[in-house]
Structure formats: C-alpha cells, structure tokens
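This chain uses plain numbering: 1 for the first residue, then up along the sequence. Everything numeric here is computed off the predicted structure, so don't read it as measured data. We count ligands from 1, going down the list as the structure has it; atoms in each ligand are counted the same way.
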Amino acid sequence: MSNNKITTATIRAKKARGEIITMLTAYDAGFARLLDEAGVDMLLVGDSLGNVILGYDSTLAVTMEDMLHHVRAVCRGASRSLVVADMPFMSYQVSVEEALRNAGRFLKETAAQAVKLEGGKEVVPAVKAMTAAGIPVVGHLGLTPQSVHQLGGFKVQGKDFPAAQRLMDDARALEEAGAFALVLECVPAKLAHKVSQQLSIPTIGIGAGNGCDGQVLVTHDLLGLLPGFKPKFVKNYRTLHIEVMSAVREYIDDVRKRQFPAPEHSFNIDDEVLEKLY
Ligand code: KIV
C-alpha cells in the first residue's frame with residue numbers, strides 16, 4: 001500500500017479535525033484514475049452500477065459477480081483514494097454467515113478497503129461480524145434504494161418524529177456495531193446535521209444537506225452524463241452528455257465525408273513497396 005493511500009483511520013481523523021470528506025462513485029479504472037488524481041478521498045463502487053452502467057431501472061438485479069468485476073477495475077485505477085465496495089441486494093440479508101462470506105470476497109478478491117451495506121438495526125449482527133473479522137464497514141441509512149419497493153418509491157426519509165427517531169437510533173446502533181462511516185441518503189438537512197453531531201464516526205450525505213461530515217454524488221450525475229430526470233439533490237457541474245453527443249455527431253460527419261482519418265492520423269509506406277505488389 002502506498003504511503004499516501006487514504007485509510008479508514010484517515011477518514012475518521014478528518015472528522016475529528018473538522019475536515020470535510022469527499023466521495024464519488026466509480027465503476028471502471030479510467031474514471032477511478034481521474035477521480036483519484038483530482039483528489040477525491042473515497043471512491044464508492046456503488047450498486048448504482050445497475051442504473052448507471054448496466055441499464056437496469058433499479059439496483060436490485062446487480063449481482064456479487066457484477067460488483068466484483070467492477071470493484072477490481074476501480075481498484076486498478078485508484079492509487080490514493082479509499083475504495084468502498086457496495087454489497088448488492090441479497091448478498092447480506094439472508095444470514096450473517098453469508099453476509100460475512102460475501103463481504104470477505106471483496107477484500108480477498110479485489111483491493112477494496114471497505115464494504116457498504118444498507119439498513120439499520122436489522123444489519124447490526126452482520127456489521128458486527130464483519131468488523132470483528134477486520135472488514136471495515138460503511139453503513140447506509142435514509143433512502144436505501146435496495147428497499148425501494150418497501151419504501152414505496154424514492155422519497156425523502158425521516159420526516160416525522162417516529163421515522164426521525166428510528167434513523168437516529170439506527171445510526172447509533174451502526175456506530176456501536178463498528179461501522180467507520182455512515183451514508184445518509186435523502187433525509188432532511190437538519191436531521192442529518194443532528195445525526196452527524198451525535199455520532200463520532202463521519203456521516204457522508206447525498207440529498208442530506210451540508211451539515212454532514214462529507215458528501216457523495218454519483219459521478220455521472222455530477223458530470224451531467226445522463227440526460228433526463230435530475231433529482232433535486234443533484235448538482236450537474238457540467239452537462240457532458242451534450243458534449244458527448246456533439247463530439248460523436250462530428251465524428252460521424254467527418255467519417256462520412258472522408259475527413260477523418262486525415263493524413264496526420266495515418267501511417268506511411270514507401271511507394272517502392274507498393275509498386276512491387278502484384
Ligand atoms: O450505489 C450508490 O451509488 C450509492 C450512493 C448513491 C450513496 O449507494
């Protein structure tokens with residue numbers, strides 16, 4: 001491991017120093033390299049892979065094999081950022097034993113340094129087993145997309161007292177179970193801030209206001225690579241889908257007009273050689 005590699009200790013120390021943590025999703029080596037070089041602290045190989053890369057309309061179909069394949073690629077591109085592997089739906093819900101075995105696969109078969117899983121008290125036994133085995137865990141509360149059918153859609157969570165208290169209790173339970181960080185997705189900003197103040201581990205928000213200890217976004221949303229629906233919590237720092245479409249249209253046009261490849265993109269051969277051909 002290189003000297004400047006970010007570790008779970010670095011992430012915890014950032015919270016202690018009041019330094020904001022940055023996290024972005026990555027699904028392949030090329031993007032991982034760019035994000036790592038740009039200075040992002042953590043790369044999440046999210047199961048958003050299902051929507052963003054594999055073309056599913058939810059994360060539910062993503063498998064362990066899909067995740068392992070993409071986590072390996074991201075690890076090959078990341079030299080400094082801490083890589084977190086998202087545990088896909090049904091890889092940790094059936095039993096603690098299966099959860100532990102699957103979490104262990106990410107650390108044994110890839111160079112990921114941590115796993116993430118969704119849920120509160122119900123996943124505490126799995127989180128305890130993983131941390132006892134030396135597997136760092138990131139929790140995930142609020143809108144947990146793997147439970148989209150139970151939640152009745154992609155809605156803000158924790159708005160009334162029972163739901164807000166449940167979220168606070170779940171956050172404390174995950175911290176006690178050994179999670180070293182916690183993603184809070186789509187929860188009211190003031191609730192996320194209060195949870196962040198109550199915990200000693202860092203919270204990383206997405207749609208959870210700016211009172212968290214860090215922020216995460218889906219990289220393709222940040223870059224505006226996906227045209228169409230944009231949730232309220234997403235900021236498109238660029239609209240690259242427009243750039244991509246226009247570049248591809250220029251390429252098609254150039255090729256059709258025989259303007260690409262130009263002489264500077266082509267290789268030469270001596271005329272003598274050509275003349276000898278029969
Ligand atoms: O899968 C994912 O990308 C995530 C983030 C949105 C937190 O879980």
Student: Under 3.5 Å, is there a donor-acceptor pair linking the side chains of D66 and T63?
Tutor: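 A pair is found: one side chain offers a donor N or O, the other an acceptor, under 3.5 Å apart.
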
Student: Of all the atoms in ligand 1, which lie at a distance below 4.0 Å from a heavy atom belonging to K116?
Tutor: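 Going through ligand 1 atom by atom, the ones under 4.0 Å from K116 are 8 (O).
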
Student: Verify whether one side chain among Q113 and T8 offers a donor that lies under 3.5 Å from an acceptor in the other.
Tutor: no

Student: Using a plain distance cutoff, I'd like to know if Y27 has any nitrogen or oxygen under 3.5 Å from a nitrogen or oxygen of ligand 1.
Tutor: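 It does not: no N or O of Y27 is found under 3.5 Å from an N or O of ligand 1.
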
Student: Around atom 7 (C) of ligand 1, find the nearest protein heavy atom and jot down its residue, atom name and distance.
Tutor: L44 CD2, 3.8 Å

Student: Any idea which part of I206 is under 4.0 Å from ligand 1, heavy-atom wise: side chain, backbone, both or neither?
Tutor: side chain

Student: I need the atoms of ligand 1 closer than 4.0 Å to a non-hydrogen atom of T25, numbered in the order shown.
Tutor: 3 (O)

Student: Would you indicate whether the side-chain heavy atoms of N4 and S79 approach each other to under 4.5 Å?
Tutor: no

Student: Quick one: does E185 get an N or O within less than 3.5 Å of an N or O on ligand 1?
Tutor: no

Student: Under 4.5 Å between any side-chain heavy atoms of M130 and M87, yes or no?
Tutor: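 In short, these two side chains touch, coming nearer than 4.5 Å.
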
Student: Could you tell me if the side chain of V45 sits less than 4.5 Å from the side chain of M67, heavy atoms only?
Tutor: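 M67 reaches V45 side chain to side chain.
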
Student: Linking I/L/V/M/F/W/Y whenever their side-chain heavy atoms sit closer than 4.5 Å, directly or via other members, would L143 and V183 fall into one cluster?
Tutor: no

Student: Closer than 4.0 Å to some heavy atom of S48 - which atoms of ligand 1 meet that?
Tutor: 1 (O), 2 (C), 3 (O)

Student: In a check of side-chain contact (heavy atoms from CB on, under 4.5 Å) between H70 and each of D86, L49, T110, which one passes?
Tutor: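 Exactly one pass, corresponding to L49.
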
Student: If we only consider heavy atoms of E118, is any one of them less than 4.0 Å away from an atom in ligand 1?
Tutor: no

Student: Find all atoms of ligand 1 within a distance of less than 4.0 Å from any non-hydrogen atom belonging to D47, and give their numbers and elements.
Tutor: 1 (O)

Student: Examine ligand 1 and decide if any of its atoms is less than 4.0 Å from a heavy atom belonging to M23.
Tutor: no

Student: Under 4.0 Å, heavy atoms only, figure out whether ligand 1 is touched by the backbone of T59, its side chain, both or neither.
Tutor: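 Answer for T59: neither.
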
Student: Verify side-chain contact (heavy atoms from CB on, under 4.5 Å) between T10 and L82, making sure each step is shown before the conclusion.
Tutor: CA-CA 9 Å; T10 325; L82 185 152; over 6 Å; no

Student: Number the atoms of ligand 1 from 1 as they appear, then name those within less than 4.0 Å of a heavy atom of H140, with their elements.
Tutor: 8 (O)

Student: At a 4.0 Å threshold, what atoms of ligand 1 neighbour a non-hydrogen atom of G46?
Tutor: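 Matching atoms, with element in brackets: 1 (O), 2 (C), 3 (O).
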
Student: Please determine if K121 and E176 form a salt bridge, counting it only when a charged side-chain N lies under 4.0 Å from a carboxylate O.
Tutor: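 A salt bridge is absent here (no side-chain N lies under 4.0 Å from a carboxylate O).
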
